[in-house]
Amino acid sequence: MKESALTIYLPTNLREFLAILEGLRISTSPGRSLEHLTPRPIVQPPLRAVEIELLTSGRDGDFPILLEAIVKNSADAHEQQQEAIPLSDVKRAVFRSDKEQQVVVNRRLDNVPVDLLRLDVDPSLFGVDGDSRYVATSAADSASSERWKSADQLGGAVAGLVAAADIHPNVREHLSAFLAGSLPSFSLDDIFGEDTQTFCRAAVGVIRQHHDGQGQDGNMLLEELVVTLGKAGMPSDEVRAFGTRMASILSSDEVRKRGSLSDKKNVLLRALSLLVQRPSLDEILADRVAGELPGPQVLLIAATLAGLRDGLARLSSERKSRHADALGQITAGVENEAMDVERLREMISKALAHAIPGRSSEAQTRPSNSVVLEICPFSKPAIVRRALADIALMPPTWRLILSDDNTLCLQIDGAGEDDVVAAKLKRMEWSKRPGKPRKTQTAKSMAPVNDEAMLPGLIGAGASGTVD
């Protein structure tokens, strides 16, 4: 029997609406000043005056909002919300006045993507007389709170994984193995599984304890990792060396060297070293050693764990908006306890198909107004290095991608004439070799970069362009 779509209306207020946008889903148990309405009621508009009072509790500056959502199962036709709903299933948010709508439109919070929903004004849906159809409760739903936390962590991890694929062309070479569980250093199962006996899952357990840990103490995290990895059975000499070296780096007694974050030796420890040094996903993605990105496996693991630690709600709108549908569906599925690792692999693969549109089979995922400029073959390390070093300075609509023939390209979404001109100038800048040294300067100080040279920890020479 085919499921029919059903329109429902869910009440919220300003504070909780912003939390819904942060998390890309409507949880069954309201948060941020609406905990007394657990589980969330479903209403037929218009909202009654006494119901609005329950939503705002008379707080200055707060006001009611109605969310019009589409659910696909008639079983959801209850007086209370039965399952978490991804933001992609919300048709619109309705306000009672232009003034209140503009409060949201003009509120620019870094982690609140206000442009993902249609924002309408309809005064007729608010403020009629009548008895309340729902009442305040004092029961705390701790199980629901734990499900929200798990969903936020996993959503952040997926966002971190996709972000790593966005900025490092060679991350995609390891994604299939990561998702399938065959990457020796780390895999999706290490995050989704509960067993903490392996080194990877032991590390994940420590990172989970630092969820939403603003102002993280790197020394404290290092101490916890050293103790936990030792108990999990990692060789004591490796753990001891890791702890000693990271303590020296944190105290500025030691400087990181080129190649120290390559995919060599213990990739997991190198990824964890980034989490000890950098308190957020954005800082890890911006990390460079002598201008070089970390190795693709190191970056993949570090970004995934950093997203797990930050949580989806804290991540910037830039990290969430481009993949909001997939992230909302994944986190809602976790809250609904309807997400297993196979389903998660499928959904991440779809999100990554949009994140890395370098393959011809993925061309249909590009925006129709995007422009792709070829930069150079990936076997030209000097040019590639200069391009990668500029990633943090690029506009958010610029992305480096790899084509099927291993050509590094620059994709510009929403490209206008000025954007294309600027991109071409940047391409010329990356491709230009340093000039010959003047007589007044030593040739050594002005030596041009050899395009065929090896870049330790980043790119191996040869036509394949693979990372060591």
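For the numbers below, each heavy atom of this structure counts, side chains included, while hydrogens, waters and symmetry mates do not.
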Shortest non-hydrogen contact from Ala423 to Trp398? CA-CH2, 3.5 Å

Report yes if some heavy atom in the side chain of Asp166 is under 4.5 Å from a heavy atom in the side chain of Arg322; otherwise report no. yes

With side chains defined as the heavy atoms from C-beta onward, is the minimum distance between Leu154 and Leu344 less than 4.5 Å? yes

For Tyr9, check side chain to side chain donor-acceptor pair (under 3.5 Å) against everything at least two apart and list the hits. Glu68

Can you give me every donor-acceptor pair (side chain of residues 329-339, partner residue at least two apart or in another chain, under 3.5 Å) with its distance?
| residue | atom | partner | partner atom | Å |
| --- | --- | --- | --- | --- |
| Gln329 | NE2 | Ser88 | OG | 3.4 |
| Thr331 | OG1 | Leu327 | O | 2.8 |
| Thr331 | OG1 | Gly328 | O | 3.1 |
| Glu335 | OE1 | Ser27 | OG | 3.3 |
| Glu335 | OE2 | Arg25 | NE | 2.6 |
| Glu335 | OE2 | Ser27 | OG | 2.7 |
| Asn336 | OD1 | Ala84 | N | 2.7 |
| Asn336 | ND2 | Ala84 | O | 3.1 |
| Asn336 | ND2 | Ala332 | O | 3.1 |

Is there a salt bridge (charged side-chain N to carboxylate O under 4.0 Å, His left out) between Arg399 and Asp413? Walk through the geometry before answering. CA-CA 8 Å; Arg399 283 190 291 158; Asp413 296 334; 3.7 Å; yes

Partners passing side chain to side chain donor-acceptor pair (under 3.5 Å) against Arg118 (at least two apart in sequence or in another chain): Asp120

List for me each residue that meets side chain to side chain contact (heavy atoms under 4.5 Å, CB included) alongside Ala324, sequence neighbours excluded, and say none if there are none. Leu24, Leu116

Between Leu272 and Val206, does the side-chain contact (heavy atoms from CB on, under 4.5 Å) criterion hold? Intermediate values first, please. CA-CA 11 Å; Leu272 291 173; Val206 173; over 6 Å; no

Could you pull out all residues at least two apart from Ala177 that satisfy side chain to side chain contact (heavy atoms under 4.5 Å, CB included)? Ser182, Leu183

Considering all heavy atoms, the nearest Ser187-Gly181 contact: CB-CA, 3.5 Å

Donor-acceptor pair, distance only, cut-off 3.5 Å: does the side chain of Asp310 make one with the backbone of Leu281? yes

Set of side chain to side chain contact (heavy atoms under 4.5 Å, CB included) partners for Ser248, sequence neighbours left out: Asp253, Glu254

For the CZ atom of Arg314 and the CG atom of Asp110, what is their distance to the nearest 0.5 Å? 10.5 Å

Going through the distances and angles, do Asp263 and Arg270 end up as a side-chain contact (heavy atoms from CB on, under 4.5 Å)? CA-CA 8 Å; Asp263 290 347; Arg270 291 191 167 192; over 6 Å; no

If you round to the nearest 0.5 Å, how far is CG of Leu117 from CG of Leu21? 6.0 Å

Check: Arg258 side chain, Gly291 main-chain N or O, donor-acceptor pair, under 3.5 Å: no

Would Gln81 and Leu10 count as a side-chain contact (heavy atoms from CB on, under 4.5 Å) if you check the C-alpha gap in whole Å, the side-chain angles of each, and the deciding distance to 0.1 Å? CA-CA 8 Å; Gln81 182 183 345; Leu10 304 163; 4.0 Å; yes

Got a donor-acceptor contact below 3.5 angstrom from the Ser317 side chain to the Val112 backbone? yes

Which heavy-atom pair separates Arg288 from Leu285 by the least distance, and what is that distance? NH1-O, 2.9 Å

Is any side-chain heavy atom of Val171 closer than 4.5 Å to one of Pro296? yes

Interatomic distance, Leu299 atom CG to Asn170 atom CG [nearest 0.5 angstrom]: 11.0 Å

Look only at the side chain of Ser29 and the backbone of Pro39, and say whether a donor-acceptor pair between them is shorter than 3.5 Å. no

Go through the structure and list residues passing side chain to side chain donor-acceptor pair (under 3.5 Å) with Thr12, not counting sequence neighbours. Glu16

Checking Leu67, Asp89, Ile42 against Ile8 for side-chain contact (heavy atoms from CB on, under 4.5 Å), the one that qualifies is Ile42

Separation between CG (Leu300) and CG (Leu161), nearest 0.5 Å, reads 5.0 Å

I'd like to check the side chain to side chain contact (heavy atoms under 4.5 Å, CB included) partners of Asp287; sequence neighbours left out, ordered by chain and number. Arg256, Leu261, Leu274, Arg278, Val289

Just wondering, do Leu410 and Arg427 contact through their side chains at under 4.5 Å, heavy atoms? no

Would you mind reporting whether Leu34 and Leu55 have side-chain heavy atoms less than 4.5 Å apart? yes

Reported CZ-to-CD distance for the pair Arg208 and Gln153, which is rounded to 0.5 angstrom: 4.5 Å

Could you tell me if the side chain of Arg309 sits less than 4.5 Å from the side chain of Leu221, heavy atoms only? yes

Does the side chain of Met246 reach to within under 4.5 Å of the side chain of Gln277, using non-hydrogen atoms? yes

Can you sort out the partners of Glu342 under salt bridge (charged side-chain N to carboxylate O under 4.0 Å, His left out), two or more places apart, ordered by chain and number? Arg345

Quick one, Val204 with Phe186, criterion side-chain contact (heavy atoms from CB on, under 4.5 Å). Give me CA distance, side-chain angles, the key distance, then yes/no. CA-CA 10 Å; Val204 168; Phe186 203 73; 3.7 Å; yes

Separation between CE (Met347) and NE2 (His323), nearest 0.5 Å, reads 13.5 Å

Sub-3.5 Å donor-acceptor pair from the side chain of Lys320 to the main-chain atoms of Asn111, do we have one? yes

Does Asp152 reach the side chain of Lys149, with side-chain heavy atoms less than 4.5 Å apart? no

Residues forming a side chain to side chain donor-acceptor pair (under 3.5 Å) with Arg319, sequence neighbours excluded: Asp282

Distance-only check: which donor-acceptor pairs under 3.5 Å involve side-chain atoms of residues 222-240, not counting sequence neighbours?
| residue | atom | partner | partner atom | Å |
| --- | --- | --- | --- | --- |
| Glu224 | OE1 | His210 | NE2 | 2.8 |
| Thr228 | OG1 | Glu224 | O | 2.8 |
| Glu238 | OE1 | Asn266 | ND2 | 2.8 |

